[in-house]
Amino acid sequence: QVQLVESGGGLVQAGGSLRLSCTASGRTFSSLAMGWFRQAPGKEREFVAAISRSGDSTNYVDSVKGRFAISRDNAKNTVYLQMNSLKPEDTAVYYCAAAGTLYSANDPRRVDYWGQGTQVTVSS
């Protein structure tokens with residue numbers, strides 16, 4: 001069993017930045033591909049970004065490319081999502097996810113573990 005705990009959400013003005021963190025426990029972190037998803041009210045949960053087990057490969061949804069960056073520190077069992085140039089449409093609950101492969105970490109149907117979520121609100 002893997003436990004994921006997110007932090008770093010909050011309220012920010014459009015154009016601002018936030019960094020989300022997700023710390024994992026319960027399994028060797030370097031054996032997990034990690035991802036971030038988000039869910040806005042009334043919408044389905046959508047993929048945002050994912051990173052491979054070693055950190056050498058990343059994927060992003062088109063709407064965040066060039067603004068968000070996913071990274072990981074395997075020594076600290078932590079994955080990060082740096083969010084810059086935030087827009088009101090980025091407002092959502094952001095979820096950390098863990099899976100066995102990068103392919104699975106891109107797909108909410110294939111994710112093995114979820115965090116509890118952290119709220120990100122971007123005001124205009």
Side-chain angles (χ1 to χ4, degrees):
Q1 192 72 9
V2 174
Q3 293 78 45
L4 303 173
V5 179
E6 301 106 330
S7 61
L11 173 64
V12 64
Q13 289 188 332
S17 299
L18 283 175
R19 189 176 81 156
L20 305 183
S21 300
C22 171
T23 300
S25 61
R27 181 171 161 181
T28 302
F29 185 66
S30 59
S31 71
L32 298 168
M34 302 298 294
W36 288 95
F37 292 76
R38 66 187 179 187
Q39 188 166 18
K43 296 189 176 181
E44 293 187 353
R45 191 169 298 189
E46 69 165 348
F47 168 75
V48 176
I51 189 166
S52 62
R53 288 171 287 189
S54 65
D56 59 354
S57 296
T58 58
N59 291 334
Y60 298 92
V61 67
D62 286 347
S63 60
V64 308
K65 285 180 180 177
R67 300 189 297 122
F68 290 11
I70 189 171
S71 62
R72 65 189 296 160
D73 185 338
N74 285 351
K76 294 183 178 180
N77 292 353
T78 301
V79 61
Y80 305 97
L81 186 67
Q82 178 66 44
M83 305 186 293
N84 300 325
S85 302
L86 282 160
K87 305 175 180 180
E89 52 263 43
D90 295 318
T91 295
V93 177
Y94 282 70
Y95 296 91
C96 177
T101 66
L102 179 60
Y103 173 76
S104 294
N106 286 258
D107 187 343
R109 299 166 298 177
R110 298 178 181 273
V111 164
D112 294 318
Y113 303 101
W114 293 99
Q116 81 285 356
T118 186
Q119 177 70 46
V120 171
T121 303
V122 184
S123 63
S124 57

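Along the sequence shown, residues are numbered consecutively beginning with 1.
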Tell me whether Arg72 contacts the main-chain N or O of Phe29 through its side chain, where contact means a donor paired with an acceptor under 3.5 Å.
yes

Contact check, side chains of Val64 and Met83, non-hydrogen atoms, under 4.5 Å
no

Leu81 reachable from Leu102 in the ILVMFWY side-chain graph, under 4.5 Å edges
no

Nearest heavy-atom neighbours spanning Ala24 and Val2:
CB-CG1, 4.5 Å

Measuring from Leu32:CG to Thr101:OG1, what's the distance to the nearest 0.5 Å?
11.0 Å

Would you say Tyr60 and Val122 are hydrophobically clustered, going by side-chain heavy atoms of ILVMFWY under 4.5 Å?
yes

Judged by atom type as modelled, is there a donor-acceptor pair below 3.5 Å linking the side chain of Tyr95 to the main-chain atoms of Glu6?
no

Cluster check Leu86, Phe47: I/L/V/M/F/W/Y, side chain < 4.5 angstrom
yes

So, taking the atom named CG in Leu20 and the one named CZ in Phe68, what distance separates them when rounded to the nearest 0.5 Å?
8.0 Å

Indicate the ring-plane relationship of Trp114 and Phe37, choosing parallel, tilted or perpendicular according to the 30° and 60° boundaries.
perpendicular

Do Gln119 and Thr91 have side chains that approach each other closer than 4.5 Å (heavy atoms only, starting at C-beta)?
yes

Residue pair Val79 / Cys96: nearest heavy atoms and the distance that separates them
CG1-SG, 3.9 Å

Kindly indicate, with the supporting measurements, whether the criterion side chain to side chain donor-acceptor pair (under 3.5 Å) is fulfilled by Asn77 and Thr23.
CA-CA 6 Å; Asn77 292 353; Thr23 300; over 6 Å; no

Cluster overlap Val48 with Leu18, hydrophobic side-chain contacts below 4.5 Å:
yes

Atom pair OG (Ser63) and CZ (Arg38), whose distance is rounded to the nearest 0.5 Å:
4.5 Å

Shortest non-hydrogen separation from Ala99 to Ala105 and the atoms involved:
CB-N, 3.7 Å

Which atom pair, heavy atoms only, marks the closest approach of Ser54 to Asp56?
OG-OD1, 2.7 Å

Compare every heavy atom of Asn106 with every heavy atom of Ala50, then report the nearest pair and how far apart it is.
CB-ND2, 3.9 Å

Does Lys87 pair with Asp90 as a salt bridge, N-O distance under 4.0 Å?
no

Starting at CD of Gln1, measure out to OG of Ser25 and round the result to the nearest 0.5 Å.
10.0 Å

Could you check whether any side-chain N or O of Asn74 sits under 3.5 Å from a backbone N or O of Arg53, counting only pairs where one atom can act as donor and the other as acceptor?
yes

hydrophobic_cluster_shared for Val120 and Trp36, side chain cutoff 4.5 Å
yes

